[in-house]
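So the structure is just underneath, and the comments pick up after that.
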Amino acid sequence: MVTYNACSAKPHPETAHLSGLDVLALMRDQELEQIVALNDPATGLSGFVVIHDTTRGPAIGGCRLWSYPTAEAALEDAIRLAVAMTRKCALAGLNAGGGKGVLIDHAGIKDRAGMLRAMGRYVESFGGRFYTSGDLGLSGADIARMRETSRYVAVPDDRKLDLAGATAWGVLGGMRATLAAAGLGRSLQGRRVVVQGLGAMGARVAALLVKEGATVIAADTDAAVAERVASSTGARLVAPEDVWDQAADLFCPCATSGVLTSETAARLRVRGVVGAANNQLDAPEVDAELMRRGVLYAPDYAVNSGAITLTAREFLERRSDLRDIAALGERVEETVTRILETSARTGNPPQQVADRLADDALVRPRSTERQFWPLR
Ligand code: NAD
């Protein structure tokens, strides 16, 4: 077992690599409720669960299995994602907070199924303070393994709900709000939209756009995926590296995180950016750069809350009436309208405005008194 010598001035040799990490300072700085480090040597489970804020209700957030250069990088990712989940839930008006599970992908994983069952036991140990499902690196079958040992895991493939479909309706709502804020009216008829990534999200958004009478210009790094969606929707394909240079009304990121950088923002020839991808801004300052260039940015977590809304309703409210996904689109449209109007009025960039609105919807706990504890 690794031992810590709290009195020694020198770090213990076995833990010297952790000496730069001040966990409590990190928690104070980010206002985190809880960090749980995960370790199951028998299977190779290693990682973190971070619970950011449960003042509105239990934390909800997926688990990802990803390779990180260091444990600190894994913890940072979990913190960033947990904070984003709190804001996403608050802005969507859900009685839920933010959390995230990060499992470190490494060569020492001896038993993947056992590791996932061990993760399920950790999730179960929160007793309903943390609900989870899948994210990057974990398949539906992996999540089903976690479900074997926890009641607080939602298995995507078990569900009749179309989470990506609900998210796509939200994306359309965000597009209507952004077009209206640009003075173009809320209709998508005759608009040109560039869709980056044609997987679960991009394909659905492209199909809805075409149905609304919009022209879709699209790209996917997987040529077969791109061809399939182009033939079913009539989207015009361009090379993935050329998406930035297309003259259009909107750019819709539906691929990976961090796609909006200073360089890509400078190339955009659109009035607004509205998409499903998480964490689209590579750095916070890109928010202001887009604003300076006259591109309206609809903050990602305000736009892509459809899936979490359905999950939270099913988990927390046990609502059977989950069909009304058009209403989800209207809710996103209202939220994005409010954000862009506030941004125009105050001169603050939209992501900053969204962060403020979300943070205002939280009551920060001065003690553990306001934290969510499930009823027994
Ligand atoms: P997916 O894996 O089904 O699709 C992503 C697609 O993007 C793939 O086809 C991939 O080939 C393509 N791609 C990757 N890099 C690209 C690039 N540089 N240029 C063009 N194409 C590229 O994933 P998804 O479920 O569609 O999710 C897309 C984004 O939306 C992710 O950021 C995800 O976190 C977010 N999101 C998804 C949901 C959901 O319900 N699926 C909900 C909310 C947010």
Side-chain angles (χ1 to χ4, degrees), residues 60-66 77 80-81 84-85 87-89 91-92 94 98 100 102 133-140 143 154-157 159-174 193-208 216-230 232-233 235-246 251-261 263-264 267 273-282 298-312 314 322 325 328-329 332:
I60 301 190
C63 284
R64 62 172 51 173
L65 174 67
W66 205 245
D77 200 30
R80 193 175 49 83
L81 292 161
M85 288 307 296
R87 288 180 166 151
K88 192 186 284 200
C89 290
L91 218 49
L94 304 174
K100 197 77 188 182
V102 163
S133 187
D135 191 35
L136 293 176
L138 291 179
S139 66
I143 303 304
V155 182
D157 301 349
R159 303 149 59 88
K160 310 234 163 18
L161 302 173
D162 179 6
L163 297 180
T167 309
W169 274 94
V171 173
L172 247 67
V193 182
V194 183
V195 180
Q196 181 192 39
L198 293 167
M201 280 311 317
R204 281 172 175 78
V205 171
L208 286 178
V216 176
I217 300 155
D220 196 293
T221 42
D222 184 326
V225 167
E227 287 298 340
R228 198 166 56 235
V229 177
S232 67
T233 63
R236 179 166 72 77
L237 294 179
V238 293
E241 58 277 17
D242 294 340
V243 286
W244 312 104
D245 311 310
Q246 305 301 317
F251 179 72
C252 177
C254 288
T256 52
S257 298
V259 293
L260 298 170
T261 64
E263 292 74 34
T264 57
R267 284 170 63 187
V273 176
V274 187
N278 279 307
N279 298 321
Q280 292 166 25
L281 298 175
D282 180 54
D300 44 21
Y301 66 79
V303 168
N304 68 15
S305 57
I308 189 79
T309 302
L310 289 202
T311 308
E314 193 193 49
L322 296 168
I325 54 173
L328 269 174
V332 171

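Side-chain atoms are counted along with the backbone in the values below, which use heavy atoms only and exclude waters and symmetry mates. Count residues from 1 along the sequence. Both counts, for ligands and for their atoms, begin at 1 and track the order of listing.
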Closest protein heavy atom (residue, atom, distance) for atom 25 (O) of ligand 1: Ala200 CB, 3.6 Å
Option of least heavy-atom distance to atom 5 (C) of ligand 1 (set: Ser305, Gly202, Cys254, Pro240): Cys254
Heavy-atom nearest neighbour of atom 11 (O) of ligand 1 within options Asp222, Val171, Asp135, Asp220: Asp220
Ser257, Ala255, Gly258: member with heavy atom nearest to atom 32 (O) of ligand 1: Ala255
Any side-chain heavy-atom pair of Leu81 and Asn279 under 4.5 Å: yes
Any side-chain heavy-atom pair of Val193 and Val274 under 4.5 Å: no
Heavy-atom closest contact (Ala92 atom, Thr309 atom, distance): CB-OG1, 4.0 Å
Atoms in ligand 1 flagged as close to Thr167, the criterion being non-hydrogen separation under 4.0 Å: 40 (O), 42 (C), 43 (C)
Distance from atom 33 (C) of ligand 1 to nearest protein heavy atom, with residue and atom: Asn278 ND2, 3.9 Å
Atom 23 (O) of ligand 1 within contact range, any protein heavy atom under 4.0 Å: no
Sub-3.5 Å N/O-N/O distance, Asn304 and ligand 1: no
Minimum-distance protein heavy atom relative to atom 4 (O) of ligand 1: Gly199 CA, 3.3 Å
Student check: side-chain heavy atoms of Gln196 and Gln280 closer than 4.5 Å: no
Residue pair Asp220 / Val229, side-chain heavy-atom distance below 4.5 Å: no
Heavy-atom side-chain proximity of Val102 to Trp66 below 4.5 angstrom: no
Under-4.0 Å heavy-atom contact between protein and atom 30 (O) of ligand 1: yes
Numbered atoms and elements of ligand 1 in range of Gly197, under 4.0 angstrom, heavy atoms: 7 (O), 20 (C), 21 (N)
Close side-chain approach of Leu237 to Leu198, heavy-atom, < 4.5 Å: yes
Close side-chain approach of Ile308 and Leu94, heavy atoms under 4.5 Å: yes
Which of the ligand 1 atoms, numbered from 1, are nearer than 4.0 Å to a heavy atom of Ala277: 29 (C), 30 (O), 32 (O), 35 (C)
Nearest protein heavy atom with distance in Å, relative to atom 15 (N) of ligand 1: Thr221 OG1, 3.8 Å
Nearest-contact summary for atom 35 (C) of ligand 1 - protein heavy atom, Å: Ala276 O, 3.3 Å
Any Ala219 heavy atom less than 4.0 Å from ligand 1: yes
Arg204 (side chain) donor-acceptor with Ala200 (main chain) under 3.5 angstrom: yes
Polar side-chain atom of Thr264 near backbone of Val259 as donor-acceptor pair, under 3.5 Å: yes
Option nearest atom 27 (O) of ligand 1 (shortest heavy-atom distance, choices Glu241, Arg64, Met201): Met201
